Amino acid sequence: MNLENVDVLVIGAGPAGTVAASIIKKAGFTVKIVEKLQFPRFVIGESLLPRCMEALEEAGFVDAVKEKGFQEKFGAKFVKNGKICDYFFADQFTKGWSWTWQVPRGEFDKTLADTVEKMGVPVCYQSTVTGIVFNGTNSVTTIEAADGTQTQVSARFIVDGSGYGRVIPRLFNLDRPSDLIPRKALFTHTVDVNRQMGEEPNRITIVVHQPGVWVWVIPFSNGITSLGFVGEPEFFKQYEGDDEQVLRTLISLEPYLSERFKDVEFAFETKVLQSWSTTTDKFYGEGFVLTGNVTEFLDPIFSSGVTLASVSSQTAAHLVIRTLNGETIDWEEEYMKPVMQGVDTFRSYVMAWYDGTLDTIFFAEQQNKKIKNMICSVLAGYVWDKQNPYVRDHSFALQKLARTITLQGLANEAI
């Protein structure tokens with residue numbers, strides 16, 4: 001069996017893996033990426049957030065992505081029963097990027113992987129990690145290629161950015177159930193022949209279909225629009241037919257979508273994603289760190305996936321570099337707690353979305369501009385800015401605001 005030696009082995013060639021690999025490679029260390037699938041491959045998480053641009057910029061990916069001509073994204077639009085709430089990233093409270101992209105992830109992820117390869121990081125596709133043995137921070141990983149041949153890689157550190165593959169958590173029984181209710185997404189890509197500029201292709205649209213059920217509409221620059229319904233699994237069981245028939249029925253029942261997407265061609269067979277929320281007790285261990293969806297994947301509602309992936313990898317990469325340079329790192333203080341700050345902030349907003357708290361806030365008749373800008377910063381992914389009270393006190397601040405709006409409404413009705 002062949003034995004290779006590198007400073008850092010990265011598992012997964014998605015945004016988490018490639019961001020970490022690039023930053024570590026730039027610091028002068030040898031890096032190798034192993035990826036189970038062949039790119040391009042389909043994956044969900046197509047609407048990015050401005051905060052991830054900082055990680056993409058440090059990794060050296062922004063110019064390569066710009067060259068692809070992806071749809072630029074400047075905000076998010078929420079729709080309910082004819083009411084509209086718009087958030088524009090240029091208005092956010094936190095200083096930072098005011099735009100990002102909406103991307104077919106297969107092409108986007110391949111762009112990042114191709115770019116990191118040009119930087120001198122080998123990416124080995126169709127390579128499955130079958131075992132890891134740790135000896136302190138050093139490790140030997142066994143990898144099986146598509147043809148069955150096996151290779152071992154000796155590394156001084158491992159970054160696990162394997163996403164839904166969750167390589168290290170599964171190998172070492174670290175997975176734990178999430179406290180979020182299991183949900184299901186039914187989705188496809190549509191040939192959006194009826195799209196007009198009035199449909200605002202420069203931002204994601206979220207439609208409230210009914211309490212606890214919502215729709216994403218994500219236009220791409222190539223004329224394709226990603227369209228998906230999300231709700232608890234029981235919601236979908238009331239409709240007859242196969243997945244495509246159910247999705248078309250749901251489209252016909254949603255007034256905001258029915259005319260635009262009536263009888264449109266689906267670019268591929270309708271897909272299902274469900275029971276996606278999971279977590280682990282620890283995001284690090286001796287000789288490894290977990291990044292991106294391997295730490296915790298919450299929910300697609302606020303497009304947090306790529307942001308948490310890229311920012312956690314950006315943070316982890318710097319800590320790995322310091323470790324390899326001989327520093328002693330307090331991974332709990334410098335990694336686990338900061339990552340959980342972002343995860344917990346997004347979790348509060350996810351839960352507030354499903355329990356109706358954000359419904360009250362988004363569609364209030366009177367909106368405080370300063371508060372709206374603070375919430376906009378969270379929707380832009382700036383969930384680490386503790387100068388923002390809607391980050392610092394995320395759960396309490398949202399609940400307090402919703403109660404205030406409700407009481408004001410009751411007072412106005414009484415007058």
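FYI, side chains are in, hydrogens and waters are out, and symmetry mates aren't considered; it's all heavy atoms of this structure. One-based numbering along the sequence shown. Here the structure is a predicted model, which is why all the values come from computation and not from measurement.
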- Between Phe268 and Lys271, is there a cation-pi geometry (under 6.0 Å to ring centre, at most 45° from the normal)? yes
- Message: So Val289 and Asp160, do their side chains get closer than 4.5 Å, heavy atoms only?
- Response: no
- Pair Phe89 and Phe74, ring centroids less than 6.0 Å apart: no
- Task: Could you tell me whether Arg203 and Asp86 make a salt bridge, using a distance below 4.0 angstrom between a side-chain N and a carboxylate O?
- Result: yes
- Note on the structure: Rounding to 0.5 Å, atoms CG (Asp7) and OG1 (Thr30) come to a distance of 3.5 Å
- Heavy-atom side-chain proximity of Thr142 to Gln150 below 4.5 angstrom: yes
- So, do Phe235 and Trp214 have ring centers that fall under 6.0 Å from each other? no
- Query: On the ring face of Tyr87, is Lys372 found with NZ or CZ under 6.0 Å from the centre and within 45° of the axis?
  - Reply: yes
- Considering residues, nucleotides and ligands other than Lys32, do more than 12 of their heavy atoms fall under 6.0 Å from its NZ? yes
- Counting N and O atoms only, with roles assigned by atom type, does the side chain of Ser310 sit under 3.5 Å from a partner on the main chain of Val306, one being a donor and the other an acceptor? yes
- Item | Test item: Ser313 side-chain N/O and Ala16 main-chain N/O as donor-acceptor pair under 3.5 Å | yes
- Message: Could you tell me if Lys68 sits above the aromatic ring of Phe108, with its cationic atom closer than 6.0 Å to the ring centre and no more than 45 degrees from the axis?
- Response: no
- Item | Carboxylate-amine/guanidinium contact Glu58 Lys26, below 4.0 Å | no
- Checking side-chain hydrogen bond (donor to acceptor under 3.5 Å, both in side chains) for the pair Tyr354/Asp299: CA distance, chi angles, key distance, verdict? CA-CA 11 Å; Tyr354 285 107; Asp299 192 272; 3.0 Å; yes
- Message: Counting C-beta onward and ignoring hydrogens, is there a side-chain heavy-atom pair between Cys52 and Leu56 closer than 4.5 Å?
- Response: yes
- Any sub-3.5 Å donor-acceptor pair from Trp384's side-chain atoms to Pro338's backbone N or O? yes
- Mind checking whether Phe39 and Tyr125 have ring centres under 6.0 Å apart? yes
- Take Glu259 and Lys262 through the salt bridge (charged side-chain N to carboxylate O under 4.0 Å, His left out) test and state the conclusion after the steps. CA-CA 5 Å; Glu259 286 303 315; Lys262 182 180 180 180; 5.2 Å; no
- Message: Under the criterion salt bridge (charged side-chain N to carboxylate O under 4.0 Å, His left out), I'd like the reasoning laid out for Asp393 against Lys400: C-alpha separation, chi angles, the key distance, then a yes or no.
- Response: CA-CA 10 Å; Asp393 306 312; Lys400 181 181 178 182; over 6 Å; no
- Do Arg41 and Asp109 sit within salt-bridge range, that is, some charged N less than 4.0 Å from a carboxylate O? yes
- Query: Does Ser312 use its side chain to pair, donor to acceptor, with the backbone of Ala309 at less than 3.5 Å?
  - Reply: yes
- Message: Apply ring-ring contact (aromatic ring centres under 6.0 Å, His included) to residues Phe187 and Trp216 and explain how you reach the verdict.
- Response: CA-CA 9 Å; Phe187 61 96; Trp216 75 67; 5.5 Å; yes
- Query: Are His189 and Phe266 close enough that their ring centers fall under 6.0 Å?
  - Reply: no
- Query: Does the pair Thr137 and Arg156 meet the rule for a side-chain hydrogen bond (donor to acceptor under 3.5 Å, both in side chains), with working shown?
  - Reply: CA-CA 6 Å; Thr137 58; Arg156 297 168 61 194; over 6 Å; no
- Task: Give a yes or no on whether a salt bridge exists between Lys110 and Glu107, defined as a side-chain N under 4.0 angstrom from a carboxylate O.
- Result: no
- Is there side-chain contact between Phe93 and Tyr390, with at least one heavy-atom pair below 4.5 Å? no
- Should the pair Arg248 and Tyr239 be classed as cation-pi, given the thresholds of under 6.0 Å to the six-membered ring centre and 45° from the axis? no
- Does Gln387 CD have over 12 foreign heavy atoms under 6.0 Å away? no
- Message: Please confirm whether the ring centroid of His394 lies under 6.0 Å from the ring centroid of Tyr349.
- Response: no
- Query: Between the main-chain N or O of Trp97 and the side-chain N or O of Gln92, is there a donor-acceptor pair closer than 3.5 Å?
  - Reply: yes
- Query: More than 12 foreign heavy atoms under 6.0 Å from CE of Met119: is that the case here?
  - Reply: yes
- Item | Criterion side-chain hydrogen bond (donor to acceptor under 3.5 Å, both in side chains) on Glu334 and Tyr284, from CA distance to verdict | CA-CA 11 Å; Glu334 296 193 59; Tyr284 63 91; over 6 Å; no
- Message: Suppose we call two aromatic rings close when their centres sit under 6.0 Å apart. Are Phe134 and Phe172 close by that rule?
- Response: yes
- Answer yes if the ring centres of Phe346 and Trp353 are under 6.0 angstrom apart, and no otherwise. no
